[in-house]
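For reference, the structure is listed below as structure tokens.
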Amino acid sequence: MSNASSIRCLITAGPTREFIDPVRFISNPSTGKMGFALAEAALQAGWNVDLVAGPVAMEEPDGAILYPVTTAEEMFHQVDALFDACDILIMTAAVSDFRPVQQHAKKEKKGTASMTIEFERTTDILKTMSERKVQQTVVGFAAETHDVLRYAREKLASKQLDFIVANEVGQAGVGFAADTNEVTLIAADGSSVKLGPGTKASIAAELIALVTPLSLSHS
Ligand code: CTP
């Protein structure tokens, strides 16, 4: 069993912003609450915490090292730089899957009645890290509005994760922006456990206890 004080945990939280021009971007309603709750729970468990956060209005958890980022590409580079030293990666961030192909240097003027924006895929951070992992435990989140468990199991397999947290979003009281949540933790062997409904803090504490890495990257 690992010694809690030597566990290094890398958590991502919040949304990313993908800019169209200097004053417009696409994003999502993630507030970072679940990721920050997990950071607090990990700190309480005695872990070292690196927290990579998109633009959020959350208080910095006392004891975590905070790395603020804005875009998916910045989040990718920050996670990439920290991944080798971590024992467990927990990706709660709602990373934008697409970004505009062109980012205009100046504010676009509304000269025409309609406008079309071409998007390209961002790097799948979780999949990229999972593919190059050595002994790290890799945990993903699946935010879904429907068929939550089916899609979560598919992501667990396709991204070769150790665990996925299936989270229904788009309903009052769960998911984005809420203080409460209800999730299902699914392990790579297919076993699952339902957590909540409860506060994000109580669910975070249960999650941290359940995903504790058994082996460490360093002694
Ligand atoms: N994720 C990531 N990099 C991305 C997109 C998502 O690391 N560019 C991570 C999220 O942090 C989350 C998991 O992948 O832990 C699932 O993200 P989600 O967007 O729900 O799933 P996708 O795989 O992007 O699939 P889809 O959008 O089709 O549901």
Side-chain angles (χ1 to χ4, degrees), residues 9-19 25-39 42 49-56 58 67-83 86 88-101 119-133 136-171 174-177 181-188 192 195 200 203-204 207-208 210-211:
C9 178
L10 173 55
I11 298 175
T12 65
T16 64
R17 288 179 181 173
E18 311 304 326
F19 285 86
F25 55 82
I26 63 156
S27 192
N28 60 67
S30 171
T31 56
K33 280 182 186 169
M34 196 65 223
F36 276 62
L38 278 161
V49 177
D50 290 324
L51 178 58
V52 179
V56 293
M58 299 283 301
Y67 299 87
V69 296
T70 305
T71 66
E73 212 47 26
E74 285 170 15
M75 184 171 283
F76 167 62
H77 287 300
Q78 191 59 75
V79 170
D80 191 44
L82 296 167
F83 183 71
C86 84
I88 175 166
L89 167 67
I90 308 179
M91 286 278 318
T92 74
V95 186
S96 178
D97 290 320
F98 292 93
R99 74 173 150 244
V101 171
F119 290 97
E120 63 188 4
R121 292 286 296 268
T122 58
T123 306
D124 189 324
I125 305 169
L126 185 58
K127 191 162 189 282
T128 309
M129 294 307 122
S130 172
E131 279 167 0
R132 74 157 223 241
K133 80 169 195 168
Q136 288 95 337
T137 299
V138 178
V139 186
F141 266 65
E144 310 285 353
T145 56
H146 59 283
D147 294 325
V148 183
L149 294 182
R150 179 164 68 84
Y151 285 131
R153 285 185 192 280
E154 280 174 17
K155 283 176 192 173
L156 177 74
S158 69
K159 301 194 189 195
Q160 295 173 30
L161 308 176
D162 296 296
F163 295 97
I164 195 148
V165 181
N167 197 172
E168 188 162 338
V169 290
Q171 268 183 41
V174 291
F176 288 143
N181 209 352
E182 189 177 346
V183 304
T184 303
L185 177 69
I186 309 170
S192 66
L195 305 175
K200 285 187 172 172
I203 289 174
L207 281 173
I208 290 297
L210 289 164
V211 301

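Order of listing sets the numbers, starting from 1, for every ligand and every atom in it. Just the heavy atoms: all of them, side chains too, but no hydrogens, waters or symmetry mates, feed the values below.
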Nearest 0.5 Å, what's the CZ-CD distance between Phe119 and Glu18? 9.5 Å

Consider side-chain contact (heavy atoms from CB on, under 4.5 Å). Of Thr122, Asp80, Ile125, which one does Met75 pass it with? Ile125

Within the side chain of Asp50, is there an N or O that forms a donor-acceptor pair under 3.5 Å with the backbone of Leu82? no

Keeping the roles fixed (side chain from Ser96, backbone from Thr16), state whether a donor-acceptor pair exists under 3.5 Å. no

Under the salt bridge (Lys or Arg N to Asp or Glu O under 4.0 Å) test, residues paired with Glu74 that sit two or more places apart: none

Which protein residues have a heavy atom under 4.0 Å from ligand 1? Met91, Ala93, Val95, Ser96, Asp97, Thr122, Thr123, Asp124, Ile125, Leu126, Gly140, Phe141, Ala143, Lys155, Lys159

In Å, rounded to the nearest 0.5 Å, how long is the span from CG of Leu156 to NZ of Lys159? 11.0 Å

